[in-house]
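Note that this is a predicted model, so its numbers are computed, not measured. First listed ligand is number 1; within each ligand, the first listed atom is number 1. Position 1 is the first residue of the sequence, and the numbers go up from there.
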Amino acid sequence: MKNKRIICGLLLLSTISCSLIAQGKKEYPYKDATKPVEERVNDLVSRMTLEEKVLQLNQYTLGRNDNVNNVGEAVKNIPAELGSVIYFNSDPEYRNALQRKAMEESRLGIPLIFGYDVIHGYRTTYPISLAQACSWNPQLVKRACGVAAQEARMSGVDWTFSPMIDVARDGRWGRVSEGYGEDPYTNALFGYVSVQGYQGNDMSNSKNVAACLKHYVGYGASEGGRDYVFTEISRQTLWDTYMLPYEAGVKGGAATLMSSFNDISGIPGTANHYILTDILKDRWGHDGFVVSDWGAIEQLRPQGVAADKKEAALIAFNAGVEMDMMNNSYNNHLAELVNEGKVSEERLNDAVKRVLRVKFRLGLFDNPYTPVSTEKERFLLPESLEIAEKLAEESMVLLKNDNKTLPLSNLSKIAVIGPMAKDKEHLLGSWAAHGNAKDVISIYEGLESEFKGKSELLYVKGCDFEGNDTSGFAEALATAQRADVILVCLGEKKGWSGENASRSTLALPQVQEQLVQELKKSGKPVVILLSSGRPLELNRLEPLADAMLEVWQPGIRGGNPIAGILSGKINPSGKLSITFPYSTGQIPIYYNQRQSARPHQGKYQDIPNTPLYEFAHGLSYTTFEYGDLKASSLKVKRSDKLVIEIPVTNTGDMDGAETVHWFISDPVCSISRPVKELKYFKKEMLKKGETKVFRFDIHFDRDFGFVNGDGERFLESGDYYIIVKDKKLKIELID
Ligand code: NOJ
């Protein structure tokens, strides 16, 4: 009887407390939107059980299922307390159904964070990132990221796994398309503005998403361009080359980072305490979280640093990886590791706080659900398309233009030949999120509207992207013979780039080169359009071409600017963000190689030693004349201000935009430095005949300084050179 009463009493108490929780949840400080984020985070963590904490550190994937009626299965598959899902769907109602489970069925009502790879646009697909950098227009890239964020957030995505800021110097690596090329500063700058574009000033705004800098760090150095393999990176090179973009992105407020697959001279990115904790958290003060790459924790086993999944979880977690992407390593082992004392409560709480902090900053506790809207309200809005078109236009690089072959004028017949001419799918590029080939304007469609009533287009495919079938060559040649000019539209399939898509050569498949050789027999001018996700080996094509335009994988709006450049309505202004080697055998070749002992010797005997097209190469239809570099002083003290100027005149007969790239070189330093290093750039529109003075305000530490193998910055006195094109100016820095 007595026992019964006690049980009843307990039952009563728990009912009362349950109903108190239900009614009074809002009174918990973490539920109060007016309280500071840190107070809310601390309050919430203090209420969480070990199991709840561990679940927050896991990310599941659900696969793509576009039918909201089938969401039941997905809802069943996720625990209510889970931290995050990778969200392939784009229907807000689908997201909301999942979120409802987290909000209503978990004890504390902690929202899920929905992540997704929004790399170069969500539905409005922009050019690939490598191309975007060739625009040298950071503001435009920022706007494109803003549109991507808006489309994504309105579709239920809170967090993009972007930007990728891996400096990459080997075009064989399929992921070279996802970053901003070979230069650290370029990656740093475009990474920084992408973060601003995605996150805006306030991540809780319903049109912004959290950014993720990836893949921290050194993934771009994958040996031989093979994906997922070893990277040999000395501490010095780590800091010189690979860390700068991450430091900039963290300073720019990036909410999260993704740890890399590669091992850095023996210590995998996902197990690397030095980069994940000593530098990222302790030195740079990052207070968001690190997510592993897909399965990267478990992969510590095949990488040879963990004996089993449990040890992998231990190493990754203690190194500084807070969230386990798709692996259940944390889910299965973290609680046990805490109970065994191998993972401290302090580290666990810190990790959970980092995840929650980002969720609070995204406003997920206060607005967990995505307002339902139609696709028409979200996607392909006129301004988004305009940005897509402008960015594609500015990314395209005129590689060659002999005898003013371009722009085309007064032509009655244009032969349009090649596998890329009518293709739509491959213009999207890899990682195209919800990009849809039916939204793409093909090269042919662009030409049709541009040349309507002016020239007749004669189309024939000629050959496929690859294979040995040359049966279309005869018709292609016959068509070329009837035309005034031949546009040959060549390139790569989108699946030849991206993750796990390395190639042994930068050359296009032989059949495409043979097609051009065949067409050359017509004696007509040959214009080659190249759509690729990497720099190409063009040494056999270049002599056959009168003009060559690299259009990259320009996204859904590429067709129009391609046609506009060909007709002359648009003056091309893109410049390369990555070197085009003469041949694949030159790799690694990049503009900022370290100085060498015998600069005039040590060359290959069988091929040229300079690349076919250098970093920053890109022609215009007009000409720009650079005046002399002028410094505010040639001898400066560290406390002085130094300003360098150069006048640039548009001396041609067409308006055009010019990007001035400012390099420095430090010929004598205690650590040998690259032959030159990009420190600043600026793009300006110049009307014909107009002169503009470009100006670079030097900040000595930032621009003349260098880092040692621990990232410490130094500035040494002595001579420095400022280099712009072929102009060079010596500055003496005295103590
Ligand atoms: C693996 C890729 O390496 C990474 O870039 C991507 O964000 C994740 N998968 C999620 O899809």
Side-chain angles (χ1 to χ4, degrees), residues 58-64 83-90 112-122 128-130 145 148-149 152 156-168 173-180 187 191 194-195 198 209-222 225-231 242 245-246 249 254-264 268-270 288-300 302-303 316 321-329 358 429-435 494-495 497-502 533:
N58 285 276
Q59 183 177 62
Y60 287 11
T61 185
L62 296 173
R64 195 187 286 261
S84 174
V85 290
I86 300 188
Y87 184 63
F88 293 88
N89 203 286
S90 64
L112 284 159
I113 176 170
F114 293 74
Y116 187 50
D117 290 283
V118 185
I119 309 299
H120 51 114
Y122 187 76
I128 53 168
S129 308
L130 183 64
C145 291
V157 175
D158 310 306
W159 171 31
T160 173
F161 305 134
S162 172
M164 182 182 116
I165 45 175
D166 294 320
V167 172
W173 191 49
R175 310 204 73 169
V176 78
S177 64
E178 296 173 52
Y180 301 102
N187 275 280
S194 304
V195 171
Y198 290 135
V209 294
C212 180
L213 308 174
K214 72 183 188 185
H215 307 79
Y216 190 53
V217 59
Y219 189 21
S222 285
R226 299 179 182 92
D227 212 358
Y228 310 122
V229 303
F230 176 75
T231 60
Y242 297 102
Y246 288 92
T256 70
L257 289 89
M258 186 183 292
S259 69
S260 60
F261 287 129
N262 56 294
D263 66 271
I264 307 156
T270 300
F289 68 90
V290 176
V291 63
S292 76
D293 202 344
W294 184 290
I297 296 178
E298 188 183 12
Q299 287 162 28
L300 295 179
Q303 278 178 294
V321 176
E322 278 82 30
M323 188 177 279
D324 175 5
M325 182 188 284
M326 262 317 290
N327 203 212
N328 281 321
S329 303
V358 172
S430 67
W431 292 108
H434 288 271
K494 65 176 192 181
S497 295
E499 188 180 351
N500 198 13
S502 303

Q. Of all the atoms in ligand 1, which lie at a distance below 4.0 Å from a heavy atom belonging to D293?
A. 1 (C), 2 (C), 3 (O), 4 (C), 6 (C), 8 (C), 9 (N)
Q. Going by the order shown, which atoms of ligand 1 are within less than 4.0 Å of some heavy atom of M258?
A. 4 (C), 7 (O)
(Q) Can you classify the ring geometry of Y228 versus F261 as parallel (below 30°), tilted (30 to 60°) or perpendicular (above 60°)? (A) perpendicular
Q) Does ligand 1 have a heavy atom under 4.0 Å from the side chain of E178, from its backbone, from both, or from neither? A) neither
Q. Does ligand 1 have a heavy atom under 4.0 Å from the side chain of M326, from its backbone, from both, or from neither?
A. neither
Q: Can you sort out the partners of Y87 under ring-ring contact (aromatic ring centres under 6.0 Å, His included), two or more places apart, ordered by chain and number?
A: F114
Q. Numbering the atoms of ligand 1 from 1, which are under 4.0 Å from a heavy atom of K214?
A. 4 (C), 5 (O), 6 (C), 7 (O)
Q: Verify the distance criterion only: is there a donor paired with an acceptor across the side chains of Y180 and S194 at less than 3.5 Å?
A: yes
Q) Of all residues at least two apart in sequence or in a different chain, which pass the salt bridge (charged side-chain N to carboxylate O under 4.0 Å, His left out) check with D117? A) K214
**Q.** Sub-4.0 Å atoms of ligand 1 with respect to non-hydrogen atoms of W294
**A.** 1 (C), 9 (N)
Q) What atoms in ligand 1 come closer than 4.0 Å to a heavy atom of F261? A) 3 (O)
Q) Side chain of S497, backbone of K494: donor and acceptor closer than 3.5 Å? A) no
Q: Report the part of M164 (side chain from C-beta onward, or backbone N, CA, C, O) that has a heavy atom under 4.0 Å from ligand 1; answer both or neither where that applies.
A: neither
Q | Donor-acceptor side-chain pairing of D166 and Y246 below 3.5 angstrom | A | yes
Q.
Check whether S84 reaches the backbone of I113 with its side chain - one donor and one acceptor, N or O, closer than 3.5 Å.
A. yes
Q.
Show the atoms of ligand 1 that are less than 4.0 angstrom away from any heavy atom in D117.
A. 6 (C), 7 (O), 10 (C), 11 (O)
Q: If you have a sec, work out which protein heavy atom is nearest atom 5 (O) of ligand 1 and how many Å separate them, to one decimal?
A: H215 NE2, 2.6 Å
